[in-house]
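Quick notes on the structure that follows.
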Amino acid sequence: GIIAAYYFFGQQTEPWWWAYAITAACLPLLVVALFFFRNIKSKKTRQIKVWFGVCMAVAFFLLGLARTLQQNQFQQPTHFRHFITSTDSSATLLLQIQEPLIAKTRSYKTTTKVLGVYTNENSTQLLQPAQGKILTYLALDSAAAALQYGDLIVAQAQAVALVDSVKNPGAFDYRQYLQFEQIYHRAWLASGKWLPTQQNQGNWFFAKIYYLRSFFLDAIARYVPGKDEASVAAALLIGYTHLLDDEIVKAYSATGAMHVLAVSGMHVVILYGLLQWLLRLIFGKHNTKSVRLLRLLLGLGFIWIFAVITGLPPSVVRAAVMISLVMMADFLQRRSNVFNSIAVSALVILFFQPLMLFKVGFQLSYGAVLGILLWQAPIYRVWLAPNALLNLAWEITSVSIAAQIGTLPLVLYYFHQFPTYALLANIVAVPLSGWVLYAGIALFFTALFAQWTSVFAFVSQGVGWVMYGLVWFQNHFL
């Protein structure tokens with residue numbers, strides 16, 4: 001349904017309502033088919049299974065079609081492009097800052113959301129509600145530096161233009177990448193071409209999350225010596241890659257360890273393991289319903305706050321959804337099926353963001369986890385390690401091989417290369433990244449208490465030096 005909507009119905013404006021109507025009509029068929037499938041044993045059971053499968057396939061196809069068309073803001077009649085033209089000098093856009101500004105060499109970069117278009121009619125300025133996103137660059141000045149998430153600004157419509165298409169055949173299509181994010185326009189706002197109007201108008205929860213992420217970044221910059229080491233630590237711990245040097249990115253990419261610099265499902269699994277250990281330490285062997293509920297709420301809150309801080313990349317969302325299902329199964333005292341968890345995580349992600357299906361990160365994430373589930377165990381049984389150290393190294397290697405088998409077709413298709421050093425690099429990079437993550441958690445807690453006592457500031461400096469040593473060794477090894 002998503003593929004059909006993107007390639008065959010992408011130019012339609014409002015055709016999604018009928019898809020919802022047909023989906024709603026198909027749902028009763030699903031209920032009836034499921035009822036007969038679960039409760040009646042007869043010679044027609046096979047036919048019931050077939051019709052149940054057909055109805056479910058049609059319903060999900062139409063649901064994917066409807067959600068994709070609904071999410072396509074560019075074709076909606078309320079998109080701001082319908083209210084302005086390239087020569088319109090009177091129109092003014094009301095914009096909301098959607099993320100903290102990123103300092104570039106010559107500008108600040110952010111994403112803005114269009115809330116409305118001011119137009120002049122009969123000498124009266126009217127605000128026409130509108131929607132859409134704009135990739136926005138602002139000149140380096142004190143006014144831009146003061147902008148925060150949720151602030152409202154007004155800007156001239158002449159500053160807005162469509163994102164340029166790719167120039168070289170086969171090159172990375174940045175325009176298409178932005179379109180998957182529902183961003184079709186860019187804007188350069190020079191000093192004096194925009195004005196702030198209101199502050200702190202964004203979502204309260206995301207405002208707190210961005211504040212927390214800013215605190216983490218400040219703690220890393222303060223206590224982890226070395227520019228390169230601090231930038232890698234920020235990328236590894238919370239997925240903030242804007243500080244990374246190009247040479248470091250090239251080195252990690254060439255050795256097949258680029259996944260270390262992007263917060264992945266592995267980080268979520270490590271945090272989940274640490275969380276489970278802490279909960280067992282707190283509650284012991286108590287397994288009452290109230291204790292299980294408290295464990296569930298603490299676990300879901302911890303995992304999803306971390307996921308939001310990292311920016312909700314596909315691999316983290318997948319792992320967070322899967323772990324959430326595992327925790328809910330533990331609360332209900334039921335066994336969970338890992339393949340069902342994978343399917344549900346994909347369904348949840350694509351329901352809210354259908355175009356995520358076309359992102360390379362989404363495809364690589366699911367390719368890697370399926371490869372691990374299907375191939376890791378057979379590869380691991382090929383050789384029996386004689387001692388614990390070799391067994392650990394072989395277990396990590398088998399996971400790496402399985403993940404590369406799952407992602408190999410995608411890597412060859414998108415990047416036209418295969419990192420031959422990936423197996424050796426991951427033997428070192430994966431365990432080290434785990435230790436850096438543990439040290440990072442310790443640093444964040446000690447830095448939090450360091451605001452009130454110098455003892456924790458001293459401890460934070462020690463933890464920062466430990467992180468520096470781990471990241472330094474990892475950078476030089478790769």
Side-chain angles (χ1 to χ4, degrees), residues 99-111 135 137 140 171-172 174 177-178 181 209-210 212-268 270 306-316 359-362 364-365 368 411 414-415 417 419 421-422 425-426 428-441 443-444 464-478:
E99 59 184 7
L101 275 65
I102 301 170
K104 297 291 185 179
T105 305
R106 299 179 180 178
S107 64
Y108 289 108
K109 176 185 175 183
T110 187
T111 301
L135 180 66
Y137 295 88
L140 291 172
F172 174 66
Y174 187 57
Y177 169 80
L178 290 176
E181 298 285 345
I209 289 295
Y210 284 130
L212 191 60
R213 188 177 73 171
S214 177
F215 171 78
F216 289 164
L217 290 172
D218 290 342
I220 293 173
R222 184 182 304 115
Y223 295 113
V224 179
K227 179 181 177 181
D228 291 340
E229 287 72 20
S231 64
V232 171
L236 193 152
L237 294 173
I238 57 176
Y240 194 83
T241 59
H242 304 293
L243 302 175
L244 290 173
D245 185 77
D246 291 340
E247 294 300 323
I248 292 180
V249 174
K250 291 179 182 179
Y252 276 79
S253 178
T255 55
M258 192 63 190
H259 62 91
V260 173
L261 295 181
V263 178
S264 63
M266 177 190 69
H267 298 76
V268 182
I270 292 175
F306 172 76
V308 175
I309 290 175
T310 62
L312 296 174
S315 57
V316 172
K359 287 191 173 182
V360 179
F362 177 88
L364 289 175
S365 174
V411 170
Y414 286 112
F415 306 107
Q417 64 178 5
Y421 301 106
N426 282 302
V428 176
V430 172
L432 273 180
S433 63
W435 284 108
V436 173
L437 183 58
Y438 289 133
I441 295 173
L443 176 64
F444 295 151
W465 276 101
V466 171
M467 288 185 62
Y468 168 80
L470 293 172
V471 176
W472 181 91
F473 179 78
Q474 180 173 282
N475 288 346
H476 286 74
F477 177 81
L478 298 176

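Keep in mind that what you see is a predicted model, and the values were worked out from it rather than measured.
Between Tyr468 and Trp465, the two ring planes are perpendicular [angle over 60°; tilted spans 30° to 60°].
Within the model, atoms CG of Leu470 and CG of Leu432 stand 6.0 Å from one another, a figure rounded to the nearest 0.5 Å. With rounding to the nearest 0.5 Å, the separation of CD1 in Ile102 from NE2 in His242 is 3.0 Å. Taken from CG in Leu437 to CD1 in Ile238, the straight-line distance is 11.5 Å, to the nearest 0.5 Å. Considering CG of Leu244 and NZ of Lys227, their distance stands at 11.0 Å, rounded to 0.5 Å. The OH atom of Tyr223 sits 10.5 Å away from the CG atom of Asp218 when rounded to the nearest 0.5 Å. If you take CG on Asp228 and CG on Asn475, they are separated by 6.5 Å, rounding to the nearest 0.5 Å.
Two residues are said to be in side-chain contact when any heavy atoms from C-beta on lie closer than 4.5 Å; Val471 and Leu236 fail this criterion. The side-chain heavy atoms of Leu135 and Lys109, taken from C-beta on, include a pair separated by under 4.5 Å. Between Leu237 and Phe216 the shortest side-chain heavy-atom distance does not fall below 4.5 Å. Within the 4.5 Å cutoff, side-chain heavy atoms of Phe444 are placed close to those of Ile220. Using a 4.5 Å heavy-atom threshold, the side chains of Val466 and Leu443 count as separate.
No donor-acceptor distance shorter than 3.5 angstrom exists from the side chain of Ser365 to the backbone of Phe362, with no hydrogens or angles considered.
Ser433 and Gln474 make their closest contact through N-OE1, 3.7 Å (heavy atoms, listed as atom of the first residue, atom of the second, distance). Taking all atoms of both residues into account, the shortest heavy-atom contact from Pro225 to Gly464 is CD-O, 4.0 Å.
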Apply side chain to side chain contact (heavy atoms under 4.5 Å, CB included) to the pair Thr105 and Leu140, showing each step before the final yes or no.
CA-CA 9 Å; Thr105 305; Leu140 291 172; over 6 Å; no
